[in-house]
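What follows is a single structure, written as structure tokens, with notes after it.
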Amino acid sequence: QVQLVESGGGLVQAGGSLRLACVAYGSIFSINTMGWYRQAPGKQRELVAAISSGGTNYAHSVKGRFTISNDNAKNTVLLQMNSLKPEDTAVYYCNVETTFSAYWGQGTQVTVSS
């Protein structure tokens, strides 16, 4: 019954910015962590950023460039991406972890041209 709806992906030139948004719909409660992962072709899915009551966590490759935040009583998670690089090109997935289970979005493509 839970759906994570992502938006904001697209094509941008190096040095540009994008903002990803993920809205959680359905009967979702007791959220512990919200975050973003990404997967490039031929590579493993990796954590980009996460936010919880304990704070935030970022991959070293994006630290200082990306900012994760939540909104609307934890039903929305945002990822502001600045100073984008071609190596940021990947499919980005929203992730929500609760006390009971984990949920994933469908993914949104981010392409950064050189």
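Along the sequence shown, residues are numbered consecutively beginning with 1. The model shown is predicted, which means the values in this text are computed figures rather than measured ones. No hydrogens, no waters, no symmetry mates; every other heavy atom, side chains included, goes into these values.
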Quick one: does [X]'s side chain get under 4.5 Å of [Y]'s, heavy atoms only?
| X | Y | value |
| --- | --- | --- |
| W36 | V77 | yes |
| N57 | L47 | yes |
| Y25 | V2 | no |
| V48 | L79 | yes |
| W104 | V96 | no |
| T99 | F29 | no |

(message) Checking V110 now: which residues fulfil side chain to side chain contact (heavy atoms under 4.5 Å, CB included) with it, not counting sequence neighbours?
(response) L18, L20, M81, Y92, V112
Consider only side-chain heavy atoms of I, L, V, M, F, W and Y, link residues closer than 4.5 Å, and tell whether [X] and [Y] are in one cluster.
| X | Y | result |
| --- | --- | --- |
| L78 | L84 | no |
| Y103 | I31 | yes |
| V12 | V62 | yes |

(message) Is there a side chain to side chain donor-acceptor pair (under 3.5 Å) between E87 and T89? Walk through the geometry before answering.
(response) CA-CA 5 Å; E87 49 263 47; T89 296; over 6 Å; no
How many angstroms lie between atom [atom1] of [X] and atom [atom2] of [Y], to the nearest 0.5 angstrom?
| X | Y | atom1 | atom2 | answer |
| --- | --- | --- | --- | --- |
| K85 | S114 | NZ | OG | 14.0 Å |
| S17 | R65 | OG | CZ | 10.0 Å |
| I68 | C22 | CD1 | SG | 9.5 Å |

Locate the shortest heavy-atom distance separating [X] from [Y]; write the atom from each residue and the value.
| X | Y | value |
| --- | --- | --- |
| A90 | Q39 | CB-O, 3.5 Å |
| C94 | L4 | O-CD1, 3.9 Å |
| D88 | S83 | OD2-O, 4.5 Å |

(request) Show your working on side-chain contact (heavy atoms from CB on, under 4.5 Å) between E97 and M34 and close with a plain yes or no. (result) CA-CA 6 Å; E97 296 188 356; M34 296 182 288; over 6 Å; no
(request) Evaluate side-chain contact (heavy atoms from CB on, under 4.5 Å) for V23 paired with Q3, printing each intermediate quantity in order. (result) CA-CA 8 Å; V23 181; Q3 290 188 45; over 6 Å; no
(request) Identify whether NZ of Lys or CZ of Arg in R45 sits under 6.0 Å from the centre of the six-membered ring of Y93 and within 45° of that ring's axis. (result) yes
(message) Please tell me whether N32 and S52 have a donor and an acceptor in their side chains that are separated by less than 3.5 angstrom.
(response)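 There is no such pair between these side chains.
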